[in-house]
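Structure first, then comments.
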Amino acid sequence: MKSTARRQSYGVKGAPYDHPSPTTTLKRARSAPYFFLLPATILFALFFALPIGYAIWLSFRKVKVSGLGLGSGARKEVWAGLENYTDALTDSELLHGALRVLGYGCIVVPVMLGLALLFALMLDSERVRLAPFTRLAIFLPYAIPGVVAALLWGFLYLPDVSPFYFVLDKLGMPQPDLLDGGPLYLALSNIAVWGGTGFNMIVIYTSLQAIPAEVYEAAKLDGAAPSQIALRIKIPMVAPSLVLTFFFSIIATLQMFNEPTTLKPLTNSVSTTWSPLMKVYRDAFGEGDIYGAAAQAVIIAFATLLLSFGFLRAANRRQKQEAAR
């Protein structure tokens, strides 16, 4: 009868230890990625998946009041079904807020992405000077928190304290009220464009820097002018970055909250339901209707997901059609 002796090795202090078998080593290698992913998975579940699930659960509930609502057991949380969703979809304030955000987005997204593309093309030019300083100057507004930026611009919009109104008054020029009526859209859009152009510019500029220099050299040998290179080579090759920035801009537009909320104390033109998220905040924390607010939040999230998915699918389909040509 043969006896099999396990190989032993000795450490620094002379204590023997066993070598793990190949099967054990393979199992450890396969399970190692999951240990690295475990902290991120726990944080995702606690601070993202769990709140979403709780909001969806609340959206199907409501409070039932019996009698005068006094005493223990007079207010009970019961199943509401689709009642909260029906009320949210037929709420005129939520619909008007969505239309206002739509008009705001029609101004912000084209202007912001157009400026970001223009700045990126200018910085990618061979004749540009002080490129590092210019990039930092354009990107710096993005580093300022949205609430701080809205406060800064809000005081610049106020006629009593704004230096622009003082200059216009000295020049005898008209002084428009940017916090009232139609100009309010331009005032809010200006804050978003000022703060978001730098980020989008960096994304597009990074894609331009990744284009091989041989492409430009071949175009120059064919006699292409700088404007032709920009229009026929650079812009088509950074199309994926433009799609990405447009995707981020849509999400940021639908989540509009900081700018109108910050400017609300400065003007009467901004109501507590100016944007859909402002209405969700008012219903949840102002009126205490967390169940209706949860249903509205779920609808906004679903609309954002639907628009984003539809846009990405349309962009991918167009890219496949162009590649097939």
So CD1 of I211 and CG of D124: to nearest 0.5 Å the spacing works out to 7.0 Å
Distance col, row R282:CZ vs S271:OG, nearest 0.5 angstrom, shows 8.5 Å
One should read off an interatomic distance between N200 CG and S249 OG, to the nearest 0.5 angstrom, of 4.5 Å
Applying a strict under-4.5 Å side-chain criterion to I, L, V, M, F, W and Y, I'd like to know whether V167 and F155 cluster together.
no
query = Ring centroid separation for F311 and F247, is it under 6.0 angstrom?
reply = no
Practice problem: Decide yes or no for I229 and K220: does some side-chain heavy atom of the first lie under 4.5 Å from some side-chain heavy atom of the second? | Solution: yes
Item to check | Side-chain touch L156/W153, heavy atoms, less than 4.5 angstrom | outcome: yes
- Given the rule in the side-chain contact (heavy atoms from CB on, under 4.5 Å) test, do Y54 and L50 qualify, once you have shown the distances and angles that lead to the verdict? CA-CA 6 Å; Y54 183 60; L50 186 61; 5.6 Å; no
Salt-bridged, E287 to K279, with N to O below 4.0 Å?
no
Please determine whether side-chain contact (heavy atoms from CB on, under 4.5 Å) holds for the pair L263 and L266, giving the CA-CA distance in whole Å, both sets of side-chain angles, and the decisive distance to 0.1 Å. CA-CA 5 Å; L263 293 182; L266 305 179; 4.0 Å; yes
Quiz item: Strictly by modelled atom types, are E77 and Y291 linked by a side-chain donor-acceptor pair under 3.5 Å?
Solution: yes
task: Decide yes or no for V108 and M256: does some side-chain heavy atom of the first lie under 4.5 Å from some side-chain heavy atom of the second?
output: no
Should the pair K170 and Y165 be classed as cation-pi, given the thresholds of under 6.0 Å to the six-membered ring centre and 45° from the axis? no
Nearest heavy-atom contact between A45 and P51 is O-CD, 4.3 Å
To the nearest 0.5 Å, atom CG of L94 lies from atom CG of L89 at 8.0 Å
Between A297 and V280 the two heavy atoms that sit nearest each other are N-CG2, 4.1 Å
Taken to the nearest 0.5 Å, the spacing of L82 CG from S59 OG works out to 9.0 Å
Q) Do L117 and L208 share a hydrophobic cluster, counting only Ile, Leu, Val, Met, Phe, Trp and Tyr and linking them when any side-chain heavy atoms are less than 4.5 Å apart? A) yes
- Message: Classify the ring geometry of F60 against W79: parallel below 30°, tilted from 30° to 60°, perpendicular beyond 60°.
- Response: parallel
Problem - N268, CG atom: more than 12 neighbouring heavy atoms under 6.0 Å - result: no
For A293 and D283, the nearest pair of non-hydrogen atoms, with its separation, is CB-CB, 4.2 Å
Q209 side chain vs T206 backbone, donor-acceptor pair below 3.5 Å
no
>> In the structure I gave you, are the side-chain heavy atoms of D177 and P183 within less than 4.5 Å of one another anywhere?
In response: no
*asked:* So D87 and D91, do their side chains get closer than 4.5 Å, heavy atoms only?
replied: no
*Does one hydrophobic cluster hold both L231 and L242, with members joined at side-chain heavy-atom distances below 4.5 Å?*
yes
Tightest non-hydrogen contact, residues P174 and L168, listed as O-CD1, 3.8 Å
Rounding to 0.5 Å, atoms OG (S227) and NZ (K234) come to a distance of 11.0 Å
Closest heavy-atom pair, Q296 versus A88, reported as atoms and distance to 0.1 Å, is CG-CB, 3.7 Å
Test item: P39 and I42 side chains (from C-beta on) under 4.5 Å apart, heavy atoms
no
Evaluate the side-chain contact (heavy atoms from CB on, under 4.5 Å) criterion for residues I233 and Y216: first the C-alpha distance (whole Å), next the side-chain angles of each, then the deciding distance (0.1 Å), finally the verdict. CA-CA 8 Å; I233 296 178; Y216 299 147; 4.2 Å; yes
Main-chain N/O of A224 paired with D222 side-chain donor or acceptor, under 3.5 Å: no
message: For D180 and S269: C-alpha separation, side-chain torsions, deciding distance, then whether side chain to side chain donor-acceptor pair (under 3.5 Å) applies.
response: CA-CA 6 Å; D180 187 23; S269 299; 2.8 Å; yes
**Report entry** Hydrophobic cluster membership, I251 vs L305, 4.5 Å side-chain cutoff
**Finding:** no
Closest non-hydrogen atoms of P260 and V270, given as atom of the first, atom of the second and distance, are O-CG1, 3.4 Å
- Less than 4.5 Å apart, any side-chain heavy atom of L178 and any of L184? no
Mind listing the side-chain donor-acceptor pairs of residues 132-144 below 3.5 Å, one per line with the distance, residues two or more places apart or on another chain?
unit_1, atom_1, unit_2, atom_2, d
T134, OG1, L130, O, 2.7
R135, NH1, Y205, OH, 3.2

The test is side-chain contact (heavy atoms from CB on, under 4.5 Å); show your working for N190 and Y157 and say whether it passes.
CA-CA 11 Å; N190 175 64; Y157 294 151; 2.9 Å; yes
Hydrophobic clusters here meaning ILVMFWY residues chained together by side-chain heavy-atom distances under 4.5 Å, can you tell me if V148 and L158 are in one? yes
Quiz prompt | Polar side chain donor-acceptor pair, S189 to Y104, under 3.5 angstrom | solution = no
| Is it true that a side-chain atom of N258 and a backbone atom of A150 form a donor plus acceptor pair closer than 3.5 Å? | no
### Query
Aromatic ring centroids of W274 and Y281 under 6.0 Å?
no
Any side-chain heavy atom of T273 within less than 4.5 Å of one from M278?
no
